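See below for the structure under consideration.
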Number of protein chains: 2
Amino acid sequence: MKKISPNTINRVLLYLRVLEDLIKDKRYLVSSGDISRFTGVSDVQIRKDISSFGKVGTPRIGYRTIELKKVLKDFILQCDVVRIVLFGVGNLGKAILKYPGFNKDRIKVVAAFDRLGSRINKKINSVIVYPVERAPEVIKRLRADIGIIAVPKKSAQGVADIMVLSGLRGIVNFSPCPINVPKSVMVKDIDLTIEFLSLCCSIKA
Amino acid sequence: MKKISPNTINRVLLYLRVLEDLIKDKRYLVSSGDISRFTGVSDVQIRKDISSFGKVGTPRIGYRTIELKKVLKDFILQCDVVRIVLFGVGNLGKAILKYPGFNKDRIKVVAAFDRLGSRINKKINSVIVYPVERAPEVIKRLRADIGIIAVPKKSAQGVADIMVLSGLRGIVNFSPCPINVPKSVMVKDIDLTIEFLSLCCSIKA
DNA sequence: AAGTAATCGTTCTAAATTTCACGATTGAAA
DNA sequence: TTTCAATCGTGAAATTTAGAACGATTACTT
C-alpha cells in the first residue's frame, strides 16, 4: 500500500464527516460530485483519493455511503479513541476543554496541566488539572497520544521537552513560536497571528 | 514581479516576527542560518524566499535586520492594522477576544456579534458585543477587513452570508463545516477536530 | 596582498501534487 | 436489446514546491 500524505488524510477526514452527516440523513448513495459540493474539493481529487483505497464505487451510481465510510475509516483511523492532554489552562486552554466538537469524533481530553497553583486540582468539564511536574506519570498512566501546547511563548519549549520525555508522539502547538523536538514526534503548528496576517496579505494581493 | 504563494507568505511572516525580536534585542545582523534555527525553515528556502524580493543580503555577513524587515514588509503589503470582527462569543470566541498575541502584531478585534441576548451589549476585553442584526452597519463603520466564525455548525453558513453582505473579504472559519462564499472572499478553515485526527493518523502511520 | 572561510543568490534537478483527458462500467430508457 | 447518459477509475501532462549543488562575493587573517 502507498503511504498517505497529510493532505490526503485531511481531505479524507472531510469526506468522512460528510459521509456521517449523509448517513444520519438516511442518504445511502453519494457521487464524487456531491462530495465536491459539500467539501469544496474537486471531484477528480476525491475519486483519486478514494481509489487509492480500492474500487468501492459503482459507475452511474456513485458510492454507497455506509460502505465508503467503513473503507475510509479502516484505512485512516486505526485508533478508536484519541487521547489528548492539554498544557496550559488559560483562556485558550479552557476553550479547548469545553470545545463541543470533540465528543462525537471520539477525541477525548484525558488530563490537563498547569503551573499556576490556583488552577491545579480543579476540574474543568470533568477534566482534572494536574501540576506540570506530574505530567510524565499521568500521561503514561492514561496512555495519551497527543499533547496540546496552550502556554505562553516563553514556556513553550520547556513544555515540549516534557511532552517528548513523557512519550507523546504528536503535538499541536498553539504558541507563536516553533518548537524543537525529535523528528519522530509530529508537530502541527496553529499560530493564530500568522493565520490572520496571512489572510490579510492574500486579500490585498 | 512574481506572485507570492500563501506558503511563502506564511514563511515570510515568520521571518518578520524573528526580525522584530532581533531588532528589539538590538541585533542588527542575521544570517539565513540563524533564521533557520529560529524558524525551522531550511536556510536554502529562506534565501530563496528573500531573493525573490531582490538582493538585500551581503555575503560573509548576512542580512541587515532593519533593512530586511523593511523589504519584506513592503512586498508583503502589510497594512498597518488588521481590523477583525468576531461572530460568536462562546468559549472559543471569548478566548480569541482575550488572546494576548494580537496586540504587538497590530491585529485588532474591533467588534463582536452574538445572537444570545445575555451576551449582548457587554464588553469583553474592551470589545463591545453587538446583536448580529447590526453587523452590516457596524462592520462598515469600523472598516473591518476580516471576520471570524466561532459559532455552532448550524449557524455557520448564515453568519458567512452576513459577512459577505457586510463587505468582509476574508474569513477565518473555526466551525467544523465548509462554508460557501463567492471566490473573491478568502477563507481559512481551522477545524480543530480535523487537526487532531489528522495528527493522530500521521502518528500511527 | 593573497588566501580563506563564511554566506548569499542562482540554476538545475527531483519530487510531490494537482489537473486533464479519456476509457470503462453500469443502470435506465426507448 | 440497443442506445445513452452518468459516473467511476486511471494514466499522463502540467504545475507547483522543495532540495541540492555550485559559483560569486565579501571580510577577515596572516
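Convention: sequence-line order gives letters A, B, ...; per-chain numbering from 1. Note that the structure is predicted; figures quoted are calculated from it, not measured.
In this pair, Phe196(A) and Phe102(B) present their aromatic rings perpendicular. The plane angle is above 60°, beyond the 30 to 60° band. Note on ring orientation: taking the six-membered ring where Trp is involved, the planes of Tyr130(A) and Phe113(A) are tilted (angle from 30° to 60°).
What separates CG of Leu29(A) from P of dA6(D) is a distance of 17 Å, to the nearest Å. The interatomic distance linking Lys55(A) (NZ) with dT26(C) (P) rounds to 10 Å, in whole Å. Distance Ile46(B) CD1 to dG19(D) P: 12 Å, rounded to the nearest Å. Between the CD1 atom of Ile50(B) and the P atom of dT10(C) there is a distance of 12 Å, rounded to whole Å. For the pair Ile35(A) CD1 and dG9(D) P, the computed distance is 11 Å after rounding to whole Å. Rounded to an integer number of Å, the gap from Phe53(A) CZ to dG9(D) P is 13 Å. At whole-Å resolution of the value, CD1 in Ile61(B) and P in dA5(C) are 17 Å apart.
A side-chain donor-acceptor contact under 3.5 Å links Asn173(A) and Ser175(A). Under 3.5 Å, the side chains of Asn91(A) and Tyr99(B) contain no donor-acceptor pair of N or O atoms.
Mapping Gly54(B) and Asn7(A) onto DNA chain C by nearest heavy atom places Gly54(B) at the nucleotide closer to the 5' end. Residues Pro6(B) and Gly57(A) each lie close to DNA chain D; by heavy-atom proximity, the contact nearer the 5' end of the strand is made by Gly57(A).
Here Val41(B) lies out of heavy-atom contact (under 4.0 Å) with every strand. Residue Asp43(A) is out of contact with every strand shown, counting any heavy-atom pair closer than 4.0 Å.
Using a 4.0 Å cut-off, some side-chain N or O of Ser5(A) falls inside it from OP1 or OP2 of dT17(C). Distances shown here put every side-chain N or O of Arg11(B) at or beyond 4.0 Å from the OP1 or OP2 atom of dT17(D). Residue Ser32(A) places at least one side-chain N or O closer than 4.0 Å to OP1 or OP2 of dC8(D).
The side chain of Ser51(A) has dT10(D) as its nearest neighbour among dT25(D), dT10(D), dT10(C). For Tyr63(B), taking side-chain heavy atoms from C-beta onward, the closest of the listed nucleotides dG9(C), dT17(C), dT19(C) is dG9(C). For Gln45(B), whose side chain is taken as the heavy atoms from C-beta onward, the closest listed nucleotide among dT18(C), dA21(D), dA18(D) is dA18(D). The side chain of Arg47(B) has dG9(C) as its nearest neighbour among dG9(D), dG9(C), dT17(D). Closest to the Arg60(A) side chain, of the nucleotides dC8(D), dA5(D), dT10(D), is dA5(D). Checking dT10(D), dG27(C), dA18(D) against the side-chain heavy atoms of Lys48(B) singles out dA18(D) as nearest. Here the nucleotide nearest the side chain of Val44(A), chosen from dT25(C), dT10(D), dT26(D), is dT10(D).
Considering CD1 of Ile149(B) and CD1 of Ile190(B), their distance stands at 11.5 Å, rounded to 0.5 Å.
Each of Ile194(B), Leu199(B), Thr193(B) was evaluated against Leu197(B); a single residue qualifies, Thr193(B), per the side-chain contact (heavy atoms from CB on, under 4.5 Å) test.
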